[in-house]
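Atoms within a ligand are numbered from 1 in the order they appear, just like the ligands themselves. None of the values given here were measured: they were computed from a predicted structure. Atoms considered below: every heavy atom in the structure, side chains included; atoms not considered: hydrogens, waters and symmetry mates.
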Amino acid sequence: MIPKKIRIKTTLCLGILLMFVNLSEVSAQTSKIEKPKNVILLIGDGMGLSQISAGLVYRGGDLNLARFKVVGFIQTHSADDFITDSAAGATAFSTGKKTSNGSIGVDSSGKTLETILEWSEKKGLSTGLIATAAITHATPASFIAHVRSRNMHYDIAKDFLKTDVDVVMGGGMAHFRNDSLKIDLLSGLVNKGYKIYDSTTSIESISASRFYAFSNMYHPPKMLDGRGDYLSKASIKAIEILSKNKNGFFVMIEGSQIDWGGHSNQTEYIATETADFDLAIGKVLDWAVNDKNTLVVVTADHETGGFALKGGSYENKTVEGGFVTNKHTGCLIPVFAYGPGSEQFSGIYDNTEIYHKIKSLLESR
Ligand code: MG
Ligand code: ZN
């Protein structure tokens with residue numbers, strides 16, 4: 001039996017202690033904006049809701065995208081057109097500014113805009129770019145180059161040498177070396193300390209900390225023509241190398257050819273490319289779930305084809321598609337986010353916000 005006096009004291013002390021516990025819980029909650037160490041941005045070029053739906057059917061109803069709990073939508077118009085192209089779309093993601101169609105990393109007047117990749121490099125993060133197209137193609141180019149026209153592949157390739165991007169994987173080796181045009185940017189890359197691989201068949205064995213791995217002289221083949229699991233392997237290799245930096249990393253991974261399936265109005269092309277992109281998303285997500293410090297954002301620059309599902313079967317994994325155009329369309333595009341800061345990505349907002357949200361999360365660490 002505890003004497004009364006002591007019991008009161010004990011109660012008081014407990015009360016004060018509980019008060020402190022409660023206060024610290026509150027302050028922990030209010031100051032708890034989760035900040036990612038690493039950011040992985042995945043862009044499915046031309047991937048609208050119908051493309052995702054086709055991928056879902058093709059995968060028998062099982063998509064890695066379904067593992068994301070935070071979903072939002074973006075408006076995608078460019079500075080000079082209701083319908084964006086991939087250059088203006090990716091420049092909105094990479095710089096936070098609307099620009100004219102065709103412009104890569106510059107505003108409508110041609111002024112250079114710092115990209116999130118360049119900013120990340122400056123802040124000491126490691127960076128990477130991966131695509132299933134030539135690496136000088138509009139989407140990846142917009143994260144590293146600054147040119148008025150997306151068709152200036154040689155000028156875009158030259159801009160790669162002006163950055164310290166660590167890991168680059170994709171097609172387009174011909175834009176870095178062309179003997180008949182006497183272009184040799186590859187030796188420039190070697191002089192900067194990069195290892196160059198002219199194939200991506202043995203990505204797994206790469207151990208260099210800074211490298212370019214070219215799958216093809218121009219574009220990698222489509223899934224239907226046997227590209228295989230290049231995108232998943234490249235994504236995991238990039239993460240493995242980039243995550244060695246204790247300051248964190250930023251990488252952009254593009255499923256480039258979903259768009260080309262839309263342009264060519266080929267349902268199977270769309271479904272197979274979306275399914276491949278989703279497999280890479282799954283690999284990335286597995287890694288991020290384990291890491292706990294990585295924000296994963298999946299979105300698209302625009303929809304392509306005005307694609308719709310007119311029929312199909314989950315059992316037979318078939319889709320009957322219809323198209324209203326062979327160009328891009330202007331509908332809202334979904335955004336999927338996972339990891340620290342992911343809750344910032346819900347709602348409906350402008351495509352430029354992707355940049356601002358990622359940057360402010362990385363900035364506030
Ligand atoms: Mg693209
Ligand atoms: Zn396109």
* **Heavy-atom pair with the smallest gap, counting every atom of Tyr269 and Ser264** => CD1-OG, 3.6 Å
* Would a hydrophobic clustering, with Ile, Leu, Val, Met, Phe, Trp and Tyr connected at side-chain separations under 4.5 Å, put Phe211 with Ile253? -> yes
* Asked: Is the distance between the Mg ion (ligand 1) and the nearest N/O/S atom of Asp259 smaller than 2.8 Å?
  -> no
* To do: Look at Asp301 and state whether any of its N, O or S atoms is less than 2.8 Å from the Mg ion (ligand 1).
  => no
* Asked: Is any side-chain N of the basic residue among Lys122 and Glu114 closer than 4.0 Å to the acidic one's carboxylate O?
  -> yes
* To do: Nearest 10° is fine: what angle sits at the Mg ion (ligand 1) between OE2 from Glu254 and OG1 from Thr139?
  => 80°
* For the Mg ion (ligand 1), which N, O or S atom of Asp45 is at the shortest distance? -> OD2
* Does any N, O or S atom of Asp85, backbone or side chain, fall under 2.8 Å from the Zn ion (ligand 2)? -> no
* Asked: Within less than 2.8 Å of the Zn ion (ligand 2), any N, O or S from His328?
  -> yes
* Asked: Just by distance, do the side chain of Asp45 and the backbone of Asp259 share a donor-acceptor pair under 3.5 Å?
  -> no
* Structure fact -> At the Zn ion (ligand 2), OD1 of Asp259 and NE2 of His263 open up to roughly (10° bins) 90°
* Asked: Hey, do the aromatic rings of Phe336 and Phe345 have their centres closer than 6.0 Å?
  -> no
* Would you say the side-chain atoms of Asp276 and Thr274 include a donor-acceptor pair closer than 3.5 Å? -> no
